[in-house]
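Chain naming here is simple, since letters A, B, ... match the order of the sequence lines and numbering starts at 1 in each.
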Number of protein chains: 2
Amino acid sequence: MSVAGGQASRGEGVTRARIVEVALELLDSDGTAGLTMRALAAKLGVAPTAIYWHVGDKAALLEAVVDHITADVGDVQPSGRDAPERIRSTARSLRHNLLERPYLVAVVHEQGRTAEIFRPARVVLTREFSGCGLGDRDAALAGEAVLHHVIGSVLIEQQVARAPAQRVPAEPAVDAAELFELTLDALVRGLSRD
Amino acid sequence: MSVAGGQASRGEGVTRARIVEVALELLDSDGTAGLTMRALAAKLGVAPTAIYWHVGDKAALLEAVVDHITADVGDVQPSGRDAPERIRSTARSLRHNLLERPYLVAVVHEQGRTAEIFRPARVVLTREFSGCGLGDRDAALAGEAVLHHVIGSVLIEQQVARAPAQRVPAEPAVDAAELFELTLDALVRGLSRD
DNA sequence: ACCTGAACACCGTTCAAGT
DNA sequence: ACCTGAACACCGTTCAAGT
């Protein structure tokens, strides 16, 4: 919108950083299916092939996009005075970060980089479980379990949201947030007493 | 392969049932990306457009495929003498059913029909938690929590498997089955004591 | 009733060619 | 160094036309 109120923001140095930025805008507005090389090029005011020069093919594009986001998501500050509460708060803010970016989970998942992106959170969780008196290996397993709970919850919640037209009235419909808390609590209690 | 050793099995009544059957073969051999209207038609020995006459567009095709599978997956027989063990065995066989069909979770997930397909299992789990002394609502929540654990685990496990070339050596790599059992146990213990 | 062929509007990607 | 245009091999889908 830097030029003539149109979709295209023309020339003026189409850098790699700018491409990634516009790709994120496209993901935000049109979702995962809306991010095509052609649509991206159009929004940049450039021929589709120009993107190939700057970032490479679509796999490389998605890689760059995921790289760009990784920092924001990994950034979790645990709060609370005892370990269980710090674990729960970490899980909550992680969930929050993920739900804030509906496309993130899908893209990262498709890219097969889920494990990698949660490394900082994994370290935090493992440390807290160690503080509960678990051995190194048990603490690592417990941390992974909580992480999986977060990721699984978000994957399922977003999938339910995306359902085009739920064919079945879908039961009394359990509240996602409530279920998340309940499971988280049961999990932390069950894992720390070991 | 009913004719001339080729890919195409020609004519002889291309029925709706046959189309779904071949679609499943295609999913098994080539995965989700391999199931295209054109590839399916080729394997049936027919023009792509013929499929539209029998089952409609691709969304309808996927719907038919999911319908066809639903029964097999929902079919879980809980075993064990106490409720916690029956819950765990249900979760295990569900996980087993899902891992057996790598494409299933992805397709069902894309279709937004995860909740629907697990209805029978949900009923079983809720009943068992009721047997543990939980009230109706708590039992339903607990059942859903276990279900989510199963689905989330499989989603993550398959995603890890699909990773094209893990960019990071990926930690000591926790064993998926072990993590599944550990979490399941902690979850059931945490949920039934409530 | 059942199927084909041609056509349309999309994809991602390569590569020679321009400046 | 940076970008375009034309081209290729794919998609899903529609629709008139054939038998």
Please determine whether a side-chain nitrogen of the Lys or Arg among A/R113 and A/E63 lies less than 4.0 Å from a carboxylate oxygen of the Asp or Glu. no

Are any of the side-chain nitrogens in B/K43 or B/E21 under 4.0 Å away from the carboxylate oxygens of its partner?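 A salt bridge is absent here (no side-chain N lies under 4.0 Å from a carboxylate O).
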
Out of [options], which nucleotide sits closest to the side chain of [X]?
X	options	answer
A/V46	D/dT14, C/dC3, D/dC3	D/dC3
A/V14	C/dT4, D/dC3, C/dT14	D/dC3
A/M37	C/dT13, C/dG5, D/dT4	C/dT13
A/T49	C/dC3, D/dT4, D/dC2	D/dT4

Reckon A/H54 has a side-chain N or O less than 4.0 Å from the OP1 or OP2 of D/dA1?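 Result: no.
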
Rounded interatomic separation in angstrom, taking [atom1] from [X] and [atom2] from [N]:
X	N	atom1	atom2	answer
A/D57	C/dC15	CG	C1'	15 Å
B/R16	C/dC3	CZ	P	14 Å
B/Y52	D/dA16	OH	P	17 Å
B/L35	D/dC10	CG	P	17 Å
B/R18	C/dC3	CZ	P	13 Å
A/I51	C/dG12	CD1	P	9 Å

Between A/W53 and A/R38, which residue's closest nucleotide on DNA chain D lies nearer the 5′ terminus? A/W53

Check: A/H148 ring centroid to B/F180 ring centroid under 6.0 Å: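 A/H148 vs B/F180: aromatic centres not under 6.0 Å.
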
Is there a donor N/O on one and an acceptor N/O on the other, under 3.5 Å, for the side chain of A/T36 and the base of C/dG12?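 Not at all, since no donor on one side and acceptor on the other fall under 3.5 Å apart.
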
Do A/R86 side-chain atoms and A/R81 backbone N/O form a donor-acceptor pair below 3.5 Å?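 Yes; judged by distance alone, with no hydrogens or angles, the pair exists.
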
Sub-3.5 Å donor-acceptor pair from the side chain of A/K58 to the main-chain atoms of A/L35, do we have one?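 Yes, A/K58 side chain to A/L35 backbone: donor-acceptor pair under 3.5 Å.
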
Return the pairing partner of D/dA1 with a 3.5 Å limit on both distances, Watson-Crick or G-U wobble; otherwise return none.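 Pair assignment: D/dA1 / C/dT19.
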
For C/dT13, the nucleotide meeting Watson-Crick or G-U wobble distances (both under 3.5 Å) is D/dA7

